[in-house]
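Note on naming: letters A, B, ... go to the chains in the order of the sequence lines (proteins, then strands), and numbering restarts at 1 for each one.
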Amino acid sequence: MMLFFQQWYGELLKLFARRRTYIGFGAFVALEIVILLLIKKFGMGPIQKAVVGSGESFEYYFSALTVASTVMGFSVFLLGALFLSLVAGDIVAKEGEDGHMRLLLARPVSRFRLLLLKYLTCTGYAFFLIQFLAWTSFLLGLVLRGWGGGYFAIVPEVSVVAFYDWGPGLQRYACSSLALGLSMTTVSSIAFFLSCFRIKPAAATIGALTYILVDFILRNSGFMDSYQHFLVTKHMSSWGRILSETIDWPLVWRGYSVVFAVNLTLFTLGYAVFESRDLKS
Amino acid sequence: MQPPPGGGKRDFGDLFDAPLLKTGNTIRTCHNPCLMALLEVRHLTKRWPTGRLALDDVSFEVQQGEILGLLGHNGAGKSTIMGITLGMVRPDTGEVRIGGRSVQKDRGGALQQIGAIYEAAVFYDYLSGWQNLRVLCSLSGWWDETEVKRVVQMVNLNRAIHQKTATYSHGMRQRLALAQALLPQPKILLLDEPTDGLDPEGIREFRELILHLRQHQGMTIMLNSHLLGEIEQMCDRCVIIKDGKKVFAGPVPSQEKTRRIFQLETSDIGLAREVLGRAGATMDKHGIVEVPLNMEPHDLVTALVQGKVQVSAWQPHRRTLEELYMGLSSKS
């Protein structure tokens with residue numbers, strides 16, 4: 001087990017020694033600041049309408065948590081999938097293309113173990129990145145609105161609208177960001193699966209993004225209403241249920257069971273593809 | 001500036017102090033049937049999905065302590081053999097056994113005994129040489145800082161080891177590649193065109209290092225190259241691969257001890273061939289005579305003179321690998 005962690009440390013070292021990894025974090029913070037400035041300038045019109053429409057005080061619920069939730073939502077939507085696909089799409093395909101894989105597999109390590117290390121690295125990274133986004137958004141929210149106030153949570157995908165005070169709101173925000181982190185591992189899993197083929201890293205990234213986008217469009221297009229359970233983004237949105245005042249745990253468990261099953265299937269298929277490949281330039 | 005003693009050659013002797021590896025004796029004799037075959041290549045056949053036959057029933061062995069050269073033109077199948085040996089390429093039939101363990105059935109166990117440079121060694125440019133070694137060694141489940149430092153010093157990278165490999169020259173990368181192959185203490189080294197792209201100085205240094213490894217540590221080495229000179233200078237035996245087939249396996253001509261070859265100069269080629277034929281010897285069109293093991297060279301000269309052949313010159317001839325290689329190429 002110790003050996004496994006040492007090997008995983010090696011993978012993490014490779015990931016976090018790259019300048020691009022930090023540029024990504026920097027890009028997210030920059031995007032969050034831009035969204036925050038837009039909120040500061042233009043306010044939160046639709047949120048304000050929803051809060052006031054529910055008979056609550058917008059001034060109370062226009063808090064760091066509400067701002068953070070909005071900033072995080074936009075950031076994940078605009079950049080999250082792209083960046084996670086980029087990292088996971090690179091993790092096998094780029095190493096294969098560059099010749100690193102031949103260097104690694106000249107060692108007495110099985111392809112399964114090597115892929116497992118890489119898979120855990122890119123999904124772990126996805127989880128970590130979302131937590132980074134959640135808490136930098138929260139910090140920026142604090143800068144704008146300060147400590148305290150309420151938390152207005154709205155997730156239209158799962159029809160959740162909820163009002164919390166600061167303490168419970170903060171707990172829900174923390175739990176939902178953990179759940180969102182788990183959901184986003186599926187984006188990494190799709191890119192990882194494609195990365196196991198003998199393709200260019202960019203092709204794996206574009207393939208994963210295309211899949212998620214098409215899935216998302218189908219889910220929101222209406223004519224797939226009867227087949228929503230076939231769409232992975234439907235199950236990924238289970239994180240939003242954590243924000244509901246009364247959490248529907250069976251639905252949450254069902255959603256995450258599907259997410260984990262999809263992840264496991266993608267890893268297994270990716271491994272099967274990789275195992276069958278001859279590694280030679 | 002004065003050249004260092006030994007004409008600029010590095011002395012690696014003091015660096016071979018690894019107690020687990022040092023044999024205490026210099027090992028020179030290699031093609032000894034009493035030694036066990038450390039690496040066995042058995043009936044390898046591989047056809048690429050495109051339909052091209054990469055290997056056609058190739059078999060050979062590498063014995064403990066020997067340097068075996070795998071020679072062939074580009075695309076002959078040398079790297080495919082290396083790939084199969086490392087379990088990166090799957091053969092259609094046949095197997096490779098390392099120390100008695102089949103790579104195809106027990107890859108992890110078999111590869112515990114191997115260090116390799118397979119195709120161009122590409123390191124993580126954004127990591128230092130040391131970090132690269134750490135990542136690679138972790139995959140072998142091993143890390144011993146003292147031993148790593150010793151090997152780094154042996155390959156003469158101790159000053160640059162903490163720099164990012166992006167700053168390394170090609171020669172430094174090759175030395176780092178050799179360092180990673182030597183960690184952790186393999187019994188057999190697989191080197192796939194290790195001097196490709198090196199300057200003459202780098203090639204010489206690399207060659208000396210390899211020869212020292214064999215001499216002081218008894219390292220078994222399989223070297224893959226299309227450079228005849230490299231094989232000739234470093235290897236005890238060679239296997240020549242042509243279009244996926246083994247066309248020759250035997251001692252490198254310059255290392256041959258048992259064959260006695262002489263160059264005959266005469267104006268009576270036809271008569272000489274006839275006389276030599278009667279005596280049981282053979283001669284090619286260039287006057288190269290192979291003396292049978294049951295005869296002495298002077299017996300042949302006597303036979304020639306008695307057969308009234310005008311002998312202008314009779315001198316020992318050392319066949320080169322190039323002659324052998326070109327001969328095999330022209331035959332096929």
If you measure from NE2 on B:His170 to CE on B:Met172, what distance do you get to the nearest 0.5 Å?
13.0 Å
One pair to check against side-chain contact (heavy atoms from CB on, under 4.5 Å): B:Thr165 and B:Tyr168. What are the steps and the verdict?
CA-CA 5 Å; B:Thr165 52; B:Tyr168 282 19; 3.9 Å; yes
What part of B:Gln113 is in contact with chain A, defined as an atom under 4.5 angstrom from a non-hydrogen atom: side chain, backbone, both or neither?
neither
Report which part of B:Trp143 has an atom under 4.5 Å of a heavy atom belonging to chain A: side chain, backbone, both, or neither.
neither
After noting the C-alpha distance and the side-chain angles of A:Phe112 and A:Phe267, does the key distance pass the ring-ring contact (aromatic ring centres under 6.0 Å, His included) rule?
CA-CA 10 Å; A:Phe112 178 81; A:Phe267 173 75; 5.8 Å; yes
Under 4.5 Å to a heavy atom of chain B? For A:Glu11 that would be neither
Could you look at B:Pro91 and say if it's the side chain, the backbone, both or neither that has a heavy atom under 4.5 Å from chain A?
neither
With ring-ring contact (aromatic ring centres under 6.0 Å, His included) as the test, would you mind laying out the steps for A:Phe193 and A:Tyr271 before giving the verdict?
CA-CA 8 Å; A:Phe193 161 68; A:Tyr271 165 66; over 10 Å; no
When you look at A:Phe132 and A:Phe28, which way does the ring-ring contact (aromatic ring centres under 6.0 Å, His included) test go after all the steps?
CA-CA 9 Å; A:Phe132 174 83; A:Phe28 274 112; 7.7 Å; no
Given B:Ala116, B:Ser140, B:Gly109, B:Gly83, the one with more heavy-atom pairs under 4.5 angstrom with chain A than any other is B:Ser140
For chain B, the option from A:Arg277, A:Arg18, A:Lys14, A:Arg113 that forms the most heavy-atom pairs under 4.5 Å:
A:Lys14
If you tally heavy-atom pairs under 4.5 Å against chain A, which of B:Gly108, B:Gly115, B:Ala121, B:Ala110 wins?
B:Gly108
Does this structure show an ion pair linking A:Lys200 with A:Glu97, if we count only N-O contacts that are shorter than 4.0 Å?
yes
Given heavy-atom pairs under 4.5 angstrom as the criterion, report whether the side chain, backbone, both or neither of B:Ala181 touches chain A.
backbone
A:Leu13 versus chain B, heavy atoms under 4.5 Å apart: side chain, backbone, both or neither?
both
Has A:Glu95 got a side-chain atom pairing as donor or acceptor with A:Val92's backbone, closer than 3.5 angstrom?
no
Name the region of B:Thr85, side chain, backbone, both or neither, that has any atom closer than 4.5 Å to a heavy atom of chain A.
neither
The interface call for B:Leu139 against chain A, heavy-atom contacts under 4.5 Å, is both
Aromatic ring centroids of A:Phe216 and A:Phe77 under 6.0 Å?
yes
Quick one: which of B:Thr80, B:Asn132, B:Leu136, B:Asp125 has the most heavy-atom pairs under 4.5 Å with chain A, could you say?
B:Leu136
